[in-house]
There are 2 protein chains.
Amino acid sequence: MTEKSPDRRIQRTRQLLQDALIAVILEKGYDAATVQDVIDRANVGRSTFYAHFQDKEDLLLSGFEHLRTEFEKHLLSASVTSASPWGLSLSMFQHAEGQRQLYKALAGKQGGNVVITYIQKYLFTYLHTHLKQALTKRKNGIPPEILAQYLSSSFISLLTWWLDTDSPYSAAQMNEFYRQLVEPGVNGVMAGMFFTS
Amino acid sequence: MTEKSPDRRIQRTRQLLQDALIAVILEKGYDAATVQDVIDRANVGRSTFYAHFQDKEDLLLSGFEHLRTEFEKHLLSASVTSASPWGLSLSMFQHAEGQRQLYKALAGKQGGNVVITYIQKYLFTYLHTHLKQALTKRKNGIPPEILAQYLSSSFISLLTWWLDTDSPYSAAQMNEFYRQLVEPGVNGVMAGMFFTS
DNA sequence: ACGTTTTCGAACACTATGTTCGATTTATCT
DNA sequence: AGATAAATCGAACATAGTGTTCGAAAACGT
């Protein structure tokens with residue numbers, strides 16, 4: 001159980017690289033960011049970089065692990081405090097609004113989609129796990145993986161669209177729209193059994 | 001009105017390149033396909049390639065223009081023959097099933113998403129245009145761009161997920177799922193006014 | 001058959017990736 | 001504090017892909 005924390009230099013290097021990555025992305029966009037930019041910004045040797053990360057994407061995903069973690073926090077806290085997923089989605093709309101800059105630098109970009117997709121898949125997995133339990137009771141019902149895919153993708157795409165287009169709606173409004181569109185259908189296929197985890 | 005058809009060589013070259021592109025993608029996937037692969041396969045000189053296309057993405061999108069055109073055909077024919085969009089989505093599920101190989105080589109890939117996004121944006125534009133007319137009549141209703149974004153993205157993502165995961169459902173079943181999930185919400189915000197174009 | 005347009009292909013400059021290795025610095029342990 | 005182990009540095013190198021240029025050759029339309 002007792003994990004010995006790694007060499008201080010390792011933590012420092014990884015942290016420097018991840019911070020530098022975000023700085024570079026915010027400055028020149030995801031696609032334009034190169035490994036060279038990142039290690040220059042971080043003042044880290046080239047070979048050191050490749051000692052820590054396989055390649056560019058490895059760095060990028062690892063750098064955005066904390067973003068996924070943020071999502072996780074919202075997922076968990078919302079699941080506990082609210083009986084329905086709508087409080088959850090509001091919470092995530094609000095969270096994302098605070099990270100608008102960063103999302104904008106990602107959304108739409110060819111490489112940035114890797115991160116968006118990453119988060120969407122995480123959301124999918126989370127939903128799938130919880131829905132499997134709730135839905136197996138019904139026969140001939142909608143398959144949980146389809147519901148999970150539908151919920152996660154429609155949510156993520158509305159979210160990124162919202163952030164990317166500077167549309168004038170507030171997080172609460174966006175959540176209201178999302179709810180209006182999604183809730184009736186979900187109620188229909190689930191008939192009231194919400195997140196009974 | 002009379003467009004003089006371009007030099008035979010131009011048509012031939014463009015066709016060769018586009019065909020070669022698809023062949024290469026099916027062989028080694030979207031991301032791995034290089035310009036060199038394509039011109040080798042097409043037996044076209046390097047400089048010739050750059051005389052026709054700005055860069056790689058230009059070729060790729062142009063190469064998939066016909067895919068978008070297919071979608072367009074289905075959109076138009078379905079709009080005419082059916083009063084609701086569900087016949088339309090069934091038609092597109094069926095069409096896509098015939099192109100499964102190709103979609104699989106695109107979906108999930110970093111660069112392949114460019115094409116998926118391209119089609120989704122086309123669908124968005126189409127829906128947005130038609131929904132604007134139907135929705136302006138109501139005040140405080142859902143904004144048409146949000147409905148269009150929701151419909152296009154949820155459809156495309158279910159579609160690509162379906163093709164990519166080899167899930168066992170038929171096109172008709174997928175359409176049924178999609179309809180079950182989406183229709184109630186859409187009915188709620190539109191109250192029966194469907195595609196009165 | 002003739003003038004025009006397109007294609008060819010090889011050479012070139014450029015940018016970025018990823019590896020290697022000996023020298024140097026820094027952390028950790030006792 | 002000193003010995004040992006580990007991480008970092010940085011410069012050089014190999015590789016691979018992009019996009020441009022230009023004169024010669026080929027194919028086109030009429």
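Below, read A as the first sequence line, B as the second, and so on, with proteins coming before strands; counting in each chain starts at 1.
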- Message: One thing to verify: whether A:Asp166 and A:Lys104 come together as a salt bridge, which I'm taking to mean a side-chain N less than 4.0 angstrom from a carboxylate O.
- Response: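 Salt bridge: yes.
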
- Using a strict 4.0 Å threshold on nitrogen-to-oxygen distance, state whether A:Asp19 and A:Arg41 make a salt bridge. no

Does [X] put a side-chain nitrogen or oxygen below 4.0 Å from OP1 or OP2 of [N]?
| X | N | result |
| --- | --- | --- |
| B:Thr48 | C:dT6 | no |
| A:Thr13 | D:dT8 | yes |
| A:His52 | D:dA7 | no |
| A:Tyr50 | C:dT19 | no |

Output the rounded distance in Å from [atom1] ([X]) to [atom2] ([N]).
| X | N | atom1 | atom2 | answer |
| --- | --- | --- | --- | --- |
| B:Ile39 | C:dG9 | CD1 | C1' | 10 Å |
| B:Leu17 | C:dT6 | CG | C1' | 13 Å |
| A:Arg12 | D:dA6 | CZ | P | 19 Å |
| A:Asp55 | C:dT17 | CG | C1' | 10 Å |
| A:Phe49 | C:dT20 | CZ | P | 16 Å |
| A:Arg14 | C:dA27 | CZ | P | 18 Å |
| A:Ile10 | D:dC9 | CD1 | P | 13 Å |
| B:Leu59 | D:dG19 | CG | P | 11 Å |

- Message: Is it the case that C:dG18 (base atoms only) and A:Arg46 (side chain only) share a donor and an acceptor within less than 3.5 Å, ignoring hydrogens and angles?
- Response: yes

- Task: Please evaluate the base of C:dT5 for a donor-acceptor partner in the side chain of B:Arg9 within a cut-off of under 3.5 Å?
- Result: yes

- Message: Classify the ring geometry of A:Trp162 against A:Phe93: parallel below 30°, tilted from 30° to 60°, perpendicular beyond 60°.
- Response: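 Perpendicular, since the angle between the ring planes exceeds 60°.
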
- When the nearest nucleotide of DNA chain D is assigned to B:Arg8 and to B:Gln54 on a heavy-atom basis, which residue is associated with the more 5' position? B:Gln54

- Which residue lies more 5' along DNA chain D, comparing B:Val35 with A:Gly45 via nearest heavy atoms: A:Gly45

- Please lay out, stage by stage, how B:Gln18 and B:Ser62 fare under the test side chain to side chain donor-acceptor pair (under 3.5 Å). CA-CA 8 Å; B:Gln18 289 172 355; B:Ser62 133; 2.9 Å; yes

- How would you label the contact of A:Asp37 with the nucleic acid (heavy atoms, under 4.0 Å): base, sugar-phosphate, or nothing? nothing

- Item | Chi angles and distances behind the ring-ring contact (aromatic ring centres under 6.0 Å, His included) call for B:Tyr118, B:Tyr122 | CA-CA 6 Å; B:Tyr118 179 61; B:Tyr122 172 75; 7.9 Å; no

- Item | Upstream residue (5' side of DNA chain C) when B:Ser47 and B:Asp7 are each assigned their closest nucleotide | B:Asp7

